[in-house]
2 protein chains.
Amino acid sequence: MKAKKILGDFELYVMLAVARLGDDAYGGALRREIESRTERSVAIGALYSTLDRLGDKGYLSFRVEGPESGRPGRARKYCRLTPAGAEALRHSSEMLRRMMEGVQVGGEPLLGQANQ
Amino acid sequence: MKAKKILGDFELYVMLAVARLGDDAYGGALRREIESRTERSVAIGALYSTLDRLGDKGYLSFRVEGPESGRPGRARKYCRLTPAGAEALRHSSEMLRRMMEGVQVGGEPLLGQANQ
DNA sequence: AGCACAAACTCTACATTGCAGAGTATACGA
DNA sequence: TCGTATACTCTGCAATGTAGAGTTTGTGCT
């Protein structure tokens, strides 16, 4: 069994948020994105240490950009998916889709009828 | 932010496999199910310690059933979702669906066109 | 009965990932 | 220059995931 590494649950959330936000993906925005879409609270430390780890794995790259407009505060560290990151994200999502596909819980399909 | 706890990645895989296998969900079958659907190898210890932890959280219940047919070996420990487990599974899946919905990676939608 | 074999679970140790919050840096505006 | 807002860093610890050797228990053969 070959066993490509699979993203942890929070790592996956972060990668998805980065993919969705595109050029606006930096700490605070990622946090708000995850908190608003899910009912999950995002600890500040969890977020940044996960970003670092994803960077170490080569899944994310960063560019630091000083306060552009009249915004207060220090520079933002924007991030984006690397090709390896995009691949890892696709792979994790696909494995998950395969596992969820057709599963029923208490007679109800787990995913909406549109999904498989 | 309320923050219901979310299942870890491997926990989610196990719960999904239990839901799918229904009355045939025991260690070996779960392992084969996960390994065959994904390309992820499942360590024996990972599986059983995860099952235990899910039991501790009240998400799974167990029944031990001695070798029924002419099968060799010791008794199997079958497991099934409790109501709390079913709820946790639905919740984790739904949060994931919300995060994945509409996300594009490299111009391609992450999920097939049928999905959202 | 005694033994090899197979299936299945248990146990222990450790690695990775996630959580929490205090701390530091930097910029704006009064 | 001081208070406030934004944003990232750091450190310690908790939870989850990995790995594989070990034990239990039944079958079937001799």
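Note on naming: letters A, B, ... go to the chains in the order of the sequence lines (proteins, then strands), and numbering restarts at 1 for each one.
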Identify whether any heavy atom of B:Gly8 sits under 4.0 Å from a base atom; if not, whether one sits that close to sugar-phosphate; answer base, sugar-phosphate or nothing.
-> sugar-phosphate
Could you state the atom-to-atom distance from CG of A:Leu12 to C1' of D:dG17 in whole Å?
-> 16 Å
Joint hydrophobic cluster, A:Tyr26 plus A:Leu51, side-chain heavy atoms closer than 4.5 Å = no
Whole-Å gap separating P (D:dT18) and CZ (B:Arg31) = 13 Å
Which residue, A:Pro72 or B:Ala75, contacts DNA chain C at a nucleotide closer to its 5' end, judged by nearest heavy atom?
-> B:Ala75
Taken in chain and number order and not counting sequence neighbours, the residues that satisfy side chain to side chain contact (heavy atoms under 4.5 Å, CB included) with B:Asp23 are B:Arg63, B:Arg80
Taking atom C1' of C:dA15 as reference, at what distance in whole Å does atom CZ of A:Arg53 sit?
-> 11 Å
Test: A:Glu87 and A:Arg90 ion pair at under 4.0 Å = yes
Among D:dG20, D:dA19, C:dG21, the one nearest any side-chain atom of B:Ala43 is D:dA19
Kindly point out which of C:dA27, D:dT9, D:dA19 is positioned nearest to the side chain of A:Arg74?
-> D:dT9
Name the one of B:Arg53, B:Lys57, B:Lys5 that satisfies salt bridge (charged side-chain N to carboxylate O under 4.0 Å, His left out) with B:Glu11?
-> B:Lys57
Could you tell me whether the side chain of B:Arg20 and the main chain of A:Met99 form a donor-acceptor pair under 3.5 Å?
-> yes
Sub-4.0 Å heavy-atom contacts from residues 18-28 of chain B onto DNA chain C, ordered by number | B:Tyr26, B:Gly27, B:Gly28
So, is A:Lys5 close to the C:dA15 phosphate, meaning a side-chain N or O under 4.0 Å from OP1 or OP2?
-> no
Distance from B:Met95 atom CE to A:Tyr13 atom OH, nearest 0.5 Å?
-> 7.0 Å
Could you check how far CZ of A:Phe10 sits from C1' of D:dA14, rounded to whole Å?
-> 15 Å
Remember a base hit wins even if backbone is also touched, and classify B:Arg71 as base, sugar-phosphate or nothing at under 4.0 Å, heavy atoms.
-> sugar-phosphate
Nucleotide C:dA22, atom P - distance to OH of A:Tyr48 in whole Å | 17 Å
OP1 or OP2 of C:dT10 less than 4.0 angstrom from a side-chain nitrogen or oxygen of B:Lys77, does that happen here?
-> yes
Got a donor-acceptor contact below 3.5 angstrom from the B:Arg31 side chain to the B:Val42 backbone?
-> yes
Calculate the interatomic distance between B:Leu47 atom CG and D:dG20 atom C1'; express it in whole Å.
-> 14 Å
Write down the distance between CG (B:Leu51) and P (C:dT10), rounded to a whole number of angstrom.
-> 9 Å
Under 4.0 Å between any heavy atoms, over every strand shown, what does B:Asp9 touch: base, sugar-phosphate, or nothing? Just pick one.
-> sugar-phosphate
What is the distance, rounded to the nearest whole Å, between atom CD1 of B:Ile6 and atom P of D:dG17?
-> 13 Å
Picking from D:dA7, D:dT6, D:dG17, which would you name as closest to the side chain of A:Arg76?
-> D:dA7
